[in-house]
Asks: 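Below is a structure I'd like to ask you about.
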Number of protein chains: 2
Amino acid sequence: MTILQGDNLELLKTIKSSSVDLIYMDPPFFTQKTQKLSSKDNITYSFEDTWASIEDYKCFLHNRLIECKRVLKDSGSIFVHCDKTANHHIRLVLDDIFGADMFQNEIIWNYKRWSNSKKGLLNNHQNIYFYSKTKKFKFKTIYTEYSSTTNLDQILVERRRDSNSKTTYKLDDNGDYILSKEKIGVPLSDVWNIPFLNPKARERVGYPTQKPILLLEQIIRIATDENDVVLDPFCGSGTTLVASKILNRNYIGIDLAEEAISITKQRLETIIKTSSNLLKKGIAAYKTKTEEEENILKLLNAKVVQRNKGIDGFLPQHFQDKPIPIKIQKKNEDLNDSILLLQNAIKSKNLKFGIVIKTHTDNLLFESEVLSKNILVISHFELMIEKWLNNK
Amino acid sequence: MTILQGDNLELLKTIKSSSVDLIYMDPPFFTQKTQKLSSKDNITYSFEDTWASIEDYKCFLHNRLIECKRVLKDSGSIFVHCDKTANHHIRLVLDDIFGADMFQNEIIWNYKRWSNSKKGLLNNHQNIYFYSKTKKFKFKTIYTEYSSTTNLDQILVERRRDSNSKTTYKLDDNGDYILSKEKIGVPLSDVWNIPFLNPKARERVGYPTQKPILLLEQIIRIATDENDVVLDPFCGSGTTLVASKILNRNYIGIDLAEEAISITKQRLETIIKTSSNLLKKGIAAYKTKTEEEENILKLLNAKVVQRNKGIDGFLPQHFQDKPIPIKIQKKNEDLNDSILLLQNAIKSKNLKFGIVIKTHTDNLLFESEVLSKNILVISHFELMIEKWLNNK
DNA sequence: ACCGTCCCTGAATCATTGG
DNA sequence: TCCAATGATTCAGGGACGG
């Protein structure tokens, strides 16, 4: 919502105390080099990351972090991104300001990247330190899939330990197993495998040290709710703000460089995301097709059609020399609407048959009335299961 | 070759200067707790990890690291194992003694482990700091396999940069690609995925904080040649020495605790190294679902179950306090077989209902005979479409 | 009598090996 | 292939203690 240009120390002072839910901070890494990168348009952006001493650098951070703490709500938290060069010094400053007992996690961002053949191991990670302002910080656990080595069916049964801490299965009065409560998945780990931005990806706008949106999305998801306020005092090319916008959070961005501000504003206007295959998984959130619809089409091996009201995809094979269109019932559509939309599309495209996937029941009494011979209505698996279970 | 019991500060002083090639050090992590673990035979080994202050702890390390540096050869290096609790303090001490410019890598040991109910992210990594004594340290690059997303062209075809510094593939006079010399692989990354020593592993000797042999082997491989000298001043249950012995390196181990020394000696006599399926075949070998099956499970929002013949997944919600298993008909299975397998699983797990997804028609005449009230058979979309179209 | 803090115990967790 | 077992870490709850 707000993008400010200038020294973040001064500008942070203008922000109200206890007003921010999440700060993501990606300060210079103390590389002692000038960071630069040229974009496709041959415009070169750069910033200075050279310091008189590490003390100088720590002081620089210290002053800003004090303001950061002030503007955070009591339920707020801060994520500070650094790399191996100075992560230990940065963490000392954080311990100093937020307190060692407010340290929550060291997040390892792990990526694969080809790099020059230096002696030693390839540097394939960066560190993100997660501190909260108080013990009562906001945290939304993300649950992930179980490892494929886990025997989930085993875990389904309740167990207890006897006095020797031996495990036995719990049995009911009939001697049958007692099943455990619903499983929700494994809480997210502190090591995140997120691909480094492919240099060719469209997402890249030509600003040094740009971070992938997925990384920021994940941070925002675990630390905020919708409409919360996200602050990035070194916003650079604005990835944090873009991710905030995508996830419906409010945002404040600050950067010293005029170019940074203008890139950020541009990006926010036309949100671009890389379509790199590696990243696809997590970006379902703002594609035209919802993930659910995509799954249905994938299951049918269908060719996906974007931006068509009547047709979502086509079956892979023609039938009687005509393609067969698929229409998925949308959330706000009655089945009749869906069928009509498909019928219209069939007529205008001069097709023969079509398929509608019914995804929810609506209240119409005479659903079958509009059914026509050239359209097959198939219920989503979930609907069939629901119907069956309701009779049990 | 040598195992010494006593205070490592005193014992380090008895070791000749510039005589050691590699030091692996796994000091207490500053957890401020007593580390203990009771083994199968109810023998409990433990050590104290409580300190008056962080300064105390740093001083303790400082004194020992000074001796460590002295005993290292000029070509030698040190690997210091720690975790998130005090890694920043430890690195400061290391910077202080070895010099910040002798810092080579921060190794992240990443593992999966049983989870818990922590607020925040699961801690699934530990840090190992790699410093060398001089710039001329010994380093043997390990090459790993290319990741599956790597474009093979990049590996096999020679490239060059044209005048605009664009990369193009080199072509011979006939316009064919010139294949490059055999590539040897990707140099080892600084993030290591090595399984955590499982509670059930035979390799476990009942000593707390025991590290997997594999982890030590990797360190020893990159930093030493055969017959070099490896020193572990906090050798605990002796994993470092075992790995050294396996790899034909000479070793010196020191520990304060008498039990540690005796376990170590025992382990060195009969070396037990876990060689599980996971280590042999990799995690991918456990992922046995086809893409089609995964799509079906995803469409149902199901929890995936690997390694079970009768059950492929569970619906996300319980019904009447029982989970509902899903079985997908396999290529070579009749529908009856699938139903029977699921029925057996339902019986043995004391479940109520189940769902079978029929993926192909088989030639059985009386499919319906085995249908039972507690199982819902749903046809795959494709089957329904096929059937419908065949009547057209 | 009441509160907050500290410590101890108990329950819950799941990735993995072993039988 | 299937079934059984295990533990580092976490939180919750209860009891002890001191103010």
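Here is the naming used below: chain letters follow the sequence lines, and residue numbers restart at 1 for every chain.
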Asks: Quick one: A/Gln104 CD to D/dT10 C1', roughly how many Å, whole number?
Replies: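 The distance from CD of A/Gln104 to C1' of D/dT10 comes to 13 Å, rounded to the nearest Å.
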Asks: For the ring pair B/His81 and B/Phe29, is the centre-to-centre distance below 6.0 Å?
Replies: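 So the answer is yes for these two rings.
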Asks: Using whole Å, what does the distance between atom C1' of nucleotide D/dC2 and atom CG of A/Leu152 come to?
Replies: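 Computing the A/Leu152:CG to D/dC2:C1' distance gives 15 Å.
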Asks: Could you give the CG-to-C1' distance, from A/Asp190 to D/dT10, as a whole number of Å?
Replies: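 My rounded result for the distance is 15 Å.
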Asks: Restricting to nitrogen or oxygen on both sides, can you table the protein-nucleotides 14-19 of chain C pairs closer than 3.5 Å?
Replies:
{"unit_1": "C/dC14", "atom_1": "OP1", "unit_2": "A/Gly185", "atom_2": "O", "d": "3.3"}
{"unit_1": "C/dC14", "atom_1": "OP2", "unit_2": "A/Lys183", "atom_2": "NZ", "d": "3.4"}
{"unit_1": "C/dC14", "atom_1": "O4'", "unit_2": "B/Ser115", "atom_2": "N", "d": "3.4"}
{"unit_1": "C/dA15", "atom_1": "OP2", "unit_2": "A/Ser147", "atom_2": "N", "d": "3.2"}
{"unit_1": "C/dA15", "atom_1": "OP2", "unit_2": "A/Thr150", "atom_2": "OG1", "d": "2.2"}
{"unit_1": "C/dA15", "atom_1": "N3", "unit_2": "B/Asn198", "atom_2": "OD1", "d": "3.4"}
{"unit_1": "C/dT16", "atom_1": "OP2", "unit_2": "A/Ser147", "atom_2": "OG", "d": "3.3"}
{"unit_1": "C/dT16", "atom_1": "OP2", "unit_2": "A/Thr149", "atom_2": "OG1", "d": "2.9"}
{"unit_1": "C/dT16", "atom_1": "O4'", "unit_2": "B/Asn198", "atom_2": "OD1", "d": "2.9"}
{"unit_1": "C/dT16", "atom_1": "O2", "unit_2": "B/Asn198", "atom_2": "OD1", "d": "3.3"}
{"unit_1": "C/dT16", "atom_1": "O2", "unit_2": "B/Asn198", "atom_2": "ND2", "d": "2.7"}
{"unit_1": "C/dT16", "atom_1": "O4", "unit_2": "A/Asn151", "atom_2": "OD1", "d": "3.1"}
{"unit_1": "C/dT17", "atom_1": "OP1", "unit_2": "B/Ser276", "atom_2": "OG", "d": "2.5"}
{"unit_1": "C/dT17", "atom_1": "OP2", "unit_2": "B/Ser276", "atom_2": "OG", "d": "3.4"}
{"unit_1": "C/dT17", "atom_1": "O4'", "unit_2": "B/Asn198", "atom_2": "ND2", "d": "3.3"}
{"unit_1": "C/dG18", "atom_1": "OP1", "unit_2": "B/Arg202", "atom_2": "N", "d": "2.7"}

Asks: Compute the centroid of each ring, for B/Phe79 and then for B/Tyr24, and state whether the two points are separated by less than 6.0 Å.
Replies: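 That pair fails the under 6.0 Å test.
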Asks: B/Lys84 or B/Gly310: which one's nearest nucleotide on DNA chain D is closer to the 5' end?
Replies: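 Whichever sits nearer the 5' end wins; that is B/Gly310.
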Asks: B/Asn344 has an atom CG; how far is it from atom C1' of D/dT1, in whole Å?
Replies: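 Atom-to-atom, B/Asn344 to D/dT1, this comes out as 13 Å.
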Asks: Once you round it to whole Å, what is the distance between C1' of D/dT1 and CG of B/Asn308?
Replies: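 From B/Asn308 CG to D/dT1 C1': 9 Å.
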Asks: Once you round it to whole Å, what is the distance between C1' of D/dT1 and NZ of B/Lys281?
Replies: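 In whole Å, D/dT1 C1' lies 12 Å from B/Lys281 NZ.
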Asks: Specify the separation, in whole Å, of atom NZ of B/Lys118 and atom C1' of D/dA12.
Replies: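 Taking atom C1' of D/dA12 as the reference, NZ of B/Lys118 is at 16 Å.
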Asks: Rounding to an integer number of Å, can you tell me how far A/Asp101 CG sits from D/dT10 C1'?
Replies: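 So the CG-C1' distance, A/Asp101 to D/dT10, works out to 17 Å.
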Asks: Test your reading of the model: is there a side-chain donor-acceptor pair from B/Gln126 to the backbone of B/Asn110, 3.5 Å cut-off?
Replies: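 It does not hold such a pair.
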Asks: Relative to the 5' end of DNA chain D, which residue comes earlier, B/Gln126 or B/Lys349, by the nucleotide with the nearest heavy atom?
Replies: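 The 5'-side residue here is B/Lys349.
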Asks: Quick one: are A/Ile108 and A/Asp190 in side-chain contact, heavy atoms under 4.5 Å?
Replies: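 No; the side chains remain at least 4.5 Å from each other.
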Asks: Taking A/Lys138 first and then A/Asp228, would you say they form a salt bridge - that is, a charged N and a carboxylate O separated by under 4.0 Å?
Replies: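 Between A/Asp228 and A/Lys138 there is a salt bridge, with a charged N closer than 4.0 Å to a carboxylate O.
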Asks: Ring pair (Phe, Tyr, Trp, His ring centres under 6.0 Å) with A/Tyr146: which residues, sequence neighbours excluded?
Replies: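 A/Tyr146 satisfies ring pair (Phe, Tyr, Trp, His ring centres under 6.0 Å) with no other residue.
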